Amino acid sequence: MITFNEKEKTFLLTNNSISLFIYINANKHLETVYFGKASKDISLENNRKKYEDNYSTCYFDHSTNKDMVTLDGASNHFSRFELATHSVGDHRPAPIIIQKKDGNYETAFEYVSHRIYKGYPHYEENPHAHDGNIETLEITLKDEFDEKLIAKYNISIDLDKDIIVKNIEFKNQGEEQVKILRALSMELDLEDNNYVVHHFRGKWGRERGEVTNPIIDGEQIIASNYGRSSHEENPFIFLAKQGADYSTGEVIGLNIIYSGNFKCSIFSDYANKSRITYGLNDYNFCWLLSKNETFITPQAVICYSENGIDHMSQTMHRFVKENVITYKKDNEYKPILFNSWEGSEMSFNTESIIAYIDDSIKIGSELFVLDDGWFSYRNDDTTSLGDWWVNKDKIDLDKVIKHCHKNNLKFGIWFEPEMISYESELYKNHPEYAVGYTRNKQALQRHQFLLDMCNDEAVNNIYLQMKKVIDEYDIDYIKWDHNRDLKETFIPHLGNDRQGEVTHRLVLGYYKLIERLTKEYPNIMFEGCASGGGRFDLGTLYYCPQIWASDNSRPASRMFIQYNTSLGYPLSCIGSHVNASEQSSYTTKAYLSLFGTYGYEMNPNYLSNEEKEELNFVANIYKEYHKELFEEGILYHLASPTEKDYMSMQVVNKDATKSALIVTINEFKTHFKTTIKLKGLSKDKNYLIITKDSQKEVSGKSLLEKGLDISIDNPNNLEVNSYFALIKQV
Ligand code: GLA
């Protein structure tokens, strides 16, 4: 519910679980009076004393009964703002900086009007939050230094889950062009800095390693300027109050519905308060806004939990499933995927692929994906990106697809649409389609350049080529890859005053193409990928219900990648496959893969009958339980591999009658023992604990309070071993 108190000039956004309380001060600037768990005592009157003393630029004059502005403006730099000003007294990082025609950097948006409506704001061209029981407060503001510069600050609250979504739309109604130098999507000023920041750093093959640090004095920036959301930092971040754990304490989750350069700034000042601003990275950023033009920032997502990390994480999962993913069949059963990449890379022909398909069926596969190497002259990674025609000399695609469909397998194929190889027909005919083509020393990465996604003609060229393949063949799935980050950023056709728009325009070009294709082919499931998990973000999830999490499927790394990724994203979108690595048994790898999308990539012809049996055993668990437990169930994080020498997760179905538990040891051990307290089960019911070779009945009370004794042997001297149990109410 969102209400406006005319007398106090306050907005209250609340869903009875969390509340955000905003005040339009006497300067007409927006201040945050309160943000946190729902509180009945958040009237301005009741909070006025604390508020005036600690946060506000304004004070209430009891003799005149009026709101007043502090004369020297000194409190500007410690007030708690909802949308701070820049360069007019507040010395902390501001969310918005706009330079006016006269050169002035001063930016101060003041209240003009507001409206409250049902639902999220809707955008045609940007991925955005949608559906749900939502109310939005749209506050129209104008810049004090250019009143023709209008901003709409959208603040939406989910009435059924603890999510607040913010973004800003700018409109230039004046004659003069302005320069947007920074346009972040949200600000959140907190009362103190007593939080631990959790963010997810990495590199290729090591995506989303969890890093924690207390809020530092000064500014900490968590960002990507790689042109994609990146392996190096993920846009999902959370702040946990000192002392908070998985089930208790205040936790604030943050994310952004965007796939390119992002920046989250966490600033702590001399008074030990903190300011979080989050949105588009302003690295090399400058957007010219001319008369009547609009600029829309991506939506930033704030999730508030007063019950620890798991409540935040479970809420984020629901948000992704209910309000981000648009794939219309997301609620249907997802087939087990077999991908050809690790097994054969680009060395294959029709016969070898058919032999793969035949053996993949024996391990329960339901969707066969032909990865890189099927098009043009592509036999290694030096050529052909941009030439999307089937190499009929290499592969009889029609025969392969018919073979799949005859055997009840769906068929999928790999594309890397936003790239162009130096060795390609497309580059020969259109070198100008490659970003940075004017440069003598172009930095090739994997022998390829970024395609100029700001060039509509180039985007349309790729669209038509892809469409031809999709229309000609019966394709059920597309893996959409992106194997190079941003190195050159000069795009001459944009003109010399628009080079600050390049990075964002490239992302908008990606959205334009994928939006067009997903709309035109709603039955095709798209999976995101970027050299493994280099573009694991909400912008991509809007189009692709799942994303390949990492090129590293070795279980010793995977347990970290999947556990950490699942703190911010649902298991059902975390692409995870069993491969042929020798660190563990196939059973261990398959159990781990269940806590994700489940699939395979290896040469299936090399599997022994015993290994096929092992995999089939787990594939059957997937088929029976994936939807109810792993996709729609509630996920609990029981032990972080970053903190302990093992990893443990548990999923529980909605009525607490079924559950699955995994424990994976993250260090070589000859024998391992521990006791783990389970979550989410009914205290007054009994449960059967079913492992591959044992079964026992234990009371829910004991599982929750005393815990389950786990013991893992390592008879084959393997590096990684695990325990897995299905848990069923008796
Ligand atoms: C990337 C992907 C892999 C595979 C290769 C193909 O590295 O992450 O899964 O598709 O490209 O070139």
Side-chain angles (χ1 to χ4, degrees), residues 202-208 226-232 234 259 337-348 353 356 360 365 367-388 391 394-395 411-424 444-451 466 469 475 477-485 510 525-537 540 544 546-554 557-558 561-562 565 573-581 589 593 596-603:
K203 57 176 190 169
W204 177 82
R206 284 288 153 111
E207 291 88 342
R208 292 171 291 287
Y226 289 78
R228 54 189 181 190
S229 46
S230 87
H231 299 85
E232 287 71 13
N234 190 268
S259 309
L337 191 162
F338 187 99
N339 181 296
S340 66
W341 178 247
E342 286 196 29
S344 65
E345 299 207 338
M346 297 184 220
S347 315
F348 54 76
I353 287 299
Y356 264 48
S360 81
S365 302
L367 160 65
F368 184 87
V369 177
L370 183 59
D371 208 281
D372 197 352
W374 55 268
F375 54 95
S376 178
Y377 303 108
R378 180 95 165 165
N379 290 314
D380 58 38
D381 62 14
T382 59
T383 73
S384 303
L385 297 173
D387 300 341
W388 301 105
N391 180 353
K394 182 171 177 180
I395 186 95
F411 176 78
I413 202 158
W414 180 94
F415 280 101
E416 198 179 356
E418 301 151 84
M419 298 291 157
I420 174 166
S421 296
Y422 181 69
E423 287 295 333
S424 65
L444 278 168
Q445 182 180 320
R446 216 188 184 210
H447 314 277
Q448 67 197 58
F449 305 116
L450 288 183
L451 189 84
M466 290 177 75
V469 176
I475 289 169
Y477 160 107
I478 286 174
K479 178 171 167 187
W480 184 300
D481 212 337
H482 181 284
N483 281 313
R484 182 199 200 270
D485 54 29
Y510 160 48
M525 177 162 85
F526 286 71
E527 173 154 358
C529 178
S531 309
R535 201 157 62 176
F536 208 111
D537 57 64
T540 294
C544 306
Q546 55 195 53
I547 303 176
W548 182 225
S550 176
D551 279 341
N552 184 350
S553 290
R554 297 178 330 145
S557 310
R558 267 290 170 155
I561 294 167
Q562 287 173 219
T565 306
C573 71
I574 304 175
S576 44
H577 299 166
V578 180
N579 76 350
S581 65
K589 286 181 285 188
S593 191
T597 56
Y598 197 76
Y600 305 112
E601 27 199 303
M602 78 274 284
N603 184 336

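Predicted model only: the values in this text are computed from it and were never measured. Atoms within a ligand are numbered from 1 in the order they appear, just like the ligands themselves.
- Nearest to atom 12 (O) of ligand 1 among the protein's heavy atoms is Asp372 OD2, 2.7 Å.
- With sequence neighbours left out, Tyr356 forms a ring-ring contact (aromatic ring centres under 6.0 Å, His included) with no residue at all.
- The nearest non-hydrogen atom to atom 9 (O) of ligand 1, considering only Glu601, His482, Lys479, comes from Lys479.
- The N/O atoms of Met346, backbone and side chain alike, include none that comes under 3.5 Å of an N/O atom in ligand 1.
- In this structure, Trp374 has its ring center closer than 6.0 angstrom to the ring center of Phe415.
- Using a distance-only test at 3.5 Å, with no hydrogens or angles considered, no donor-acceptor pair links the side chain of Asp551 to the main chain of Trp204.
- Under a 4.0 Å heavy-atom criterion, His577 is not in contact with ligand 1.
- Heavy-atom proximity to Gly532, at under 4.0 Å, picks out these atoms of ligand 1: 8 (O).
- Without hydrogens or angle criteria, Arg558 side chain to Asn552 main chain gives a donor-acceptor distance under 3.5 Å.
- With respect to atom 3 (C) of ligand 1, the closest heavy atom belonging to the protein is Asp551 OD1, 3.4 Å.
- In this structure, the protein non-hydrogen atom closest to atom 4 (C) of ligand 1 is Asp371 OD1, 3.4 Å.
- Looking at Cys529 against ligand 1, only its side chain comes within 4.0 Å, counting heavy atoms.
- Using a 4.0 Å cut-off to heavy atoms of Arg446, the atoms of ligand 1 that qualify are 6 (C), 11 (O), 12 (O).
- A donor-acceptor pair is defined here as one N or O able to donate and one able to accept, closer than 3.5 Å; no such pair exists between the side chain of Glu342 and the backbone of Asn579.
- Ser576 contributes a side-chain N or O that, together with a main-chain N or O of Thr597, makes up a donor-acceptor pair within less than 3.5 Å.
- Applying the 6.0 Å contact sphere to CZ of Phe348 captures more than 12 heavy atoms from other residues, nucleotides or ligands.
- Taking the ring axis of Trp548 as reference, the NZ or CZ atom of Arg208 does not stay both within 45° of it and closer than 6.0 Å to the ring centre.
- To the nearest 0.5 angstrom, Leu451 atom CG is 10.0 Å from His482 atom NE2.
- Looking at Asn483 against ligand 1, only its side chain comes within 4.0 Å, counting heavy atoms.
- Between Asp481 and ligand 1, a contact under 3.5 Å exists for at least one N or O pair.
- Every atom of ligand 1 with a heavy atom of Trp548 under 4.0 Å away is listed here by number and element: 8 (O), 9 (O).
- At under 3.5 Å, not a single nitrogen or oxygen of Trp341, backbone or side chain, sits near a nitrogen or oxygen of ligand 1.
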